[in-house]
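Read through the structure below, which is laid out as structure tokens, and then see the notes.
Lettering of chains follows the sequences in order, A, B, ..., and the numbering in each one begins at 1.
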Protein chains: 4
Amino acid sequence: MPVSENTGIQAFPNGARSQRVHESALTAAVELLEEGGLTAATCDAVSARSGVSKATIYKHWPSKTAIAAEAFGRLMGEALPLPNTGSAVGDLTEQVRQVSAFYAAQPVFAQLLAACVTDPAAAPYFRHFFLAGRREAIATLWQRAVDRGETKPSVDAETATDILFGPLIFRLMTGHKPLTEEEADKIAAAALGGLLR
Amino acid sequence: MPVSENTGIQAFPNGARSQRVHESALTAAVELLEEGGLTAATCDAVSARSGVSKATIYKHWPSKTAIAAEAFGRLMGEALPLPNTGSAVGDLTEQVRQVSAFYAAQPVFAQLLAACVTDPAAAPYFRHFFLAGRREAIATLWQRAVDRGETKPSVDAETATDILFGPLIFRLMTGHKPLTEEEADKIAAAALGGLLR
Amino acid sequence: MPVSENTGIQAFPNGARSQRVHESALTAAVELLEEGGLTAATCDAVSARSGVSKATIYKHWPSKTAIAAEAFGRLMGEALPLPNTGSAVGDLTEQVRQVSAFYAAQPVFAQLLAACVTDPAAAPYFRHFFLAGRREAIATLWQRAVDRGETKPSVDAETATDILFGPLIFRLMTGHKPLTEEEADKIAAAALGGLLR
Amino acid sequence: MPVSENTGIQAFPNGARSQRVHESALTAAVELLEEGGLTAATCDAVSARSGVSKATIYKHWPSKTAIAAEAFGRLMGEALPLPNTGSAVGDLTEQVRQVSAFYAAQPVFAQLLAACVTDPAAAPYFRHFFLAGRREAIATLWQRAVDRGETKPSVDAETATDILFGPLIFRLMTGHKPLTEEEADKIAAAALGGLLR
DNA sequence: AACTAATCGAGACGGTACGTCCTGTCTTACT
DNA sequence: AGTAAGACAGGACGTACCGTCTCGATTAGTT
């Protein structure tokens with residue numbers, strides 16, 4: 001678990017035994033998240049199920065949200081494959097659709113996002129173990145589009161990511177409109193109008 | 001406090017006495033939010049400061065988040081005036097800037113948004129007493145732009161709102177980038193490229 | 001549960017409901033003490049068995065030792081009847097024998113005494129709910145002896161109590177000698193030589 | 001550290017290295033006891049300060065109380081010189097006074113006594129390294145008195161010790177009366193009335 | 001003016017998770 | 001072997017907050 005510096009991610013014991021423990025706790029957390037969402041992924045519950053003591057858990061993670069974030073990142077690691085439709089519009093629209101469907105299907109995502117507000121120590125974990133993957137995916141797609149000359153030069157990948165996914169998160173959090181595929185398409189279309197030539 | 005049906009907002013006793021009580025509780029909640037954010041706006045604290053008993057509070061609101069949402073809506077009621085620069089780009093960019101600054105300055109906003117995920121009963125209150133005002137503002141600006149023929153016909157006000165503000169909320173929640181004025185401008189520029197002609 | 005002032009015993013809610021709760025917790029504590037000694041009388045255990053929440057227990061008692069002390073006082077309330085042999089020597093010797101046997105049979109006594117060292121807040125409970133009864137018994141016996149003119153005038157009831165029971169407690173705590181009836185008699189005889197004419 | 005059999009005191013490695021280690025741990029324990037009482041003399045603390053690892057400590061002593069008991073015995077080894085007033089009353093009264101003052105001034109004594117109840121494996125250490133010294137002192141004084149014919153023949157040194165110091169310990173543990181010099185004198189006077197001619 | 005509902009203030013309670021603490025065991029690698 | 005270093009399980013601790021509840025007091029509206 002080599003973690004780069006300045007990520008806000010806490011160092012933890014590194015021996016073989018510790019790694020087994022780390023693994024056990026994460027596995028238990030994944031199971032609990034699947035069964036009962038973030039609410040069920042209590043520290044006590046993780047400890048009870050994994051056989052890892054609470055004290056040890058707190059040596060590996062700063063809070064229960066942090067374990068959940070790492071567990072969720074693992075749970076969803078490969079869930080979203082990179083689309084390859086041949087055009088930037090196609091790729092990015094497809095990705096927005098997928099992410100939209102994923103968010104709608106995984107209440108844990110919203111719960112984690114929310115929990116990170118209350119529990120700032122967990123936010124780096126969420127960014128590192130979950131968001132980073134999404135942003136990298138977009139960066140790849142965006143680079144492809146750049147190479148093909150399909151993007152507006154004034155826009156960078158970061159901003160593009162925010163504009164494509166921000167609206168999904170907005171809806172997810174406030175629940176003012178459902179996250180259907182149609183809606184995802186509308187958002188993608190309108191957003192891409194500003195990002196591509 | 002006439003509340004339309006189907007909003008998910010709970011009816012409560014309507015006598016003169018009840019209205020005083022409602023008012024007292026809200027006032028206390030506003031003060032507590034200002035002083036210590038959502039964390040400080042405990043049920044017990046609201047009860048203690050307002051002299052309204054907890055039981056009564058739970059007759060008027062379904063949860064502590066709901067009071068806080070209504071209180072926050074009141075607190076921020078008139079904080080953001082409608083810009084009028086003469087052009088859609090100017091108006092909307094200005095509004096994005098203002099909202100961005102407001103979010104960055106008011107941690108309570110993110111806290112409330114987060115709390116509504118955990119506490120679904122409170123979400124309607126947040127939408128009704130806070131978001132509704134923002135969406136109306138955009139609706140007005142958007143209608144102006146429509147009247148001037150500045151908008152793309154394929155985009156409606158709802159989608160425009162999501163695309164303009166979603167990115168801000170995304171950043172606010174994950175904290176992966178700061179909400180400076182420059183960033184707000186970049187987002188507004190890129191987003192508006194897709195929304196306006 | 002009218003408690004005189006300045007005893008160090010904590011006030012607690014006094015309604016009918018609270019009294020039921022107080023009773024429930026004590027009953028559970030008594031059972032646990034009987035089953036597994038002071039070690040078993042955990043706050044969590046008392047809470048679980050009685051159905052009284054931990055938070056409530058901490059409103060009624062300052063610590064787990066305090067509940068145990070009150071429970072033990074109740075448990076042993078009438079265990080030791082006042083002897084009446086007709087003479088001070090007989091009465092006091094008999095009382096020393098009884099107390100000695102009781103201490104030896106009730107490990108909880110020593111455990112409580114020990115716990116009060118670590119947990120000073122519980123000491124008043126032990127004194128009030130347990131020791132007070134013993135000291136009163138001796139005071140009664142001593143007064144009888146005074147009335148009969150059997151005591152040395154230079155000795156008061158308090159000192160007599162300390163000299164009669166102190167040695168028992170000394171042995172109980174350090175375990176350097178067993179608390180048999182013979183030993184109790186030796187102690188009583190030697191001690192009473194200094195107390196009576 | 002030659003320890004007779006059947007004392008309940010645990011054998012431990014005997015090489016030169018082991019003895020250095022034993023010494024280091026004890027020294028650290030003594031310091032910690034002086035600084036913060038028994039509470040501060042944690043296993044971890046002793047380990048950290050002495051550089052002796054916890055595993056090693058547990059090869060030399062059965063529990064943390066045991067180290068503390070041995071350390072305390074060493075700390076107080078020569079603190080109480082034998083009085084020599086020329087009479088048994090004088091000697092023993094003086095000794096009671098000294099011990100009383102010592103108990104009152106050294107909270108560690110009560111803490112250790114209490115800890116031995118919970119931790120029976122440590123009791124032999126307390127008896128061996130601390131109490132034994134006190135009892136020997138009394139035995140010496142008592143023998144002097146016997147030689148002078150000042151004692152009652154029915155009383156032995158053991159019982160005398162219990163009757164003289166038991167009351168002090170009783171007060172120390174329950175705290176129902178302070179351990180002032182006056183009180184010590186009252187106790188000594190009353191107790192010695194039963195022990196001497 | 002009295003009566004009867006509704007409504008309220010006060011605050012205790014059950015439930016539940018939290019994060020901390022310390023003991024004694026265990027592992028690993030070094031001397 | 002014996003040791004240093006230190007991670008680990010286990011389990012109690014005492015705290016915090018939520019939302020429900022019980023009680024007696026207060027207040028409207030109704031008769």
Under 4.0 angstrom between C:T56 side-chain N/O and E:dG14 OP1 or OP2:
yes
In whole Å, I'd like the distance from the CG atom of C:N14 to the P atom of E:dC13.
10 Å
Find the distance D:K54:NZ to F:dG2:P and express it as a whole number of Å.
21 Å
Nearest non-hydrogen partners of C:L38 and C:A68, listed with the distance:
CD1-CB, 3.5 Å
Give the nucleotide from the list E:dT23, F:dT3, F:dA4 with an atom nearest to the side chain of D:C43.
E:dT23
Under 3.5 Å, is there a donor on one side chain and an acceptor on the other for A:H60 and A:E70?
no
Remember a base hit wins even if backbone is also touched, and classify D:K59 as base, sugar-phosphate or nothing at under 4.0 Å, heavy atoms.
base
Can you tell me how far CG of B:L75 sits from CD of B:E31, rounded to the nearest 0.5 angstrom?
11.0 Å
For C:F72 together with C:Y125, are the ring centres under 6.0 Å from each other?
no
Return whichever of C:A16 or C:T39 has its heavy-atom-nearest nucleotide of DNA chain F closer to the 5' end.
C:T39
Between C:R20 (CZ) and F:dC23 (C1'), how many Å, whole number?
12 Å
Over how many whole Å does the gap from C:L38 atom CG to F:dA12 atom P extend?
13 Å
Quickly work out the C:I57 CD1 to E:dG15 P distance and round it to whole Å.
11 Å
Base, sugar-phosphate or nothing for B:A55? Non-hydrogen atoms, less than 4.0 Å.
base
Which word best sums up how the rings of D:W61 and D:F12 line up, parallel for under 30°, tilted for 30 to 60°, or perpendicular for over 60°?
parallel
Please report the distance, rounded to the nearest Å, between NE2 in A:H22 and C1' in F:dA7.
15 Å
What is the distance, to the nearest angstrom, from the CG atom on B:L32 to the C1' atom on F:dC17?
15 Å
Checking all strands, does A:G15 fall into the base, sugar-phosphate, or nothing category for heavy-atom contacts under 4.0 angstrom?
nothing
In terms of the nearest nucleotide of DNA chain F, which residue is placed more toward the 5' end: B:D44 or A:R17?
A:R17
Roughly, in whole Å, what's the span from OH in C:Y58 to P in E:dG15?
17 Å
Using only side-chain N and O atoms of B:S18, determine if any of them is under 4.0 Å from OP1 or OP2 of E:dC8.
yes
Mind checking if B:K64 touches a base, just sugar-phosphate, or nothing, with heavy atoms under 4.0 Å?
sugar-phosphate
Using the closest heavy atom to pick a nucleotide of DNA chain E for each, name whichever of C:V52 or D:S63 lands nearer the 5' end.
C:V52
Quick check on E:dC13: is either OP1 or OP2 less than 4.0 Å from any side-chain nitrogen or oxygen of C:H60?
yes
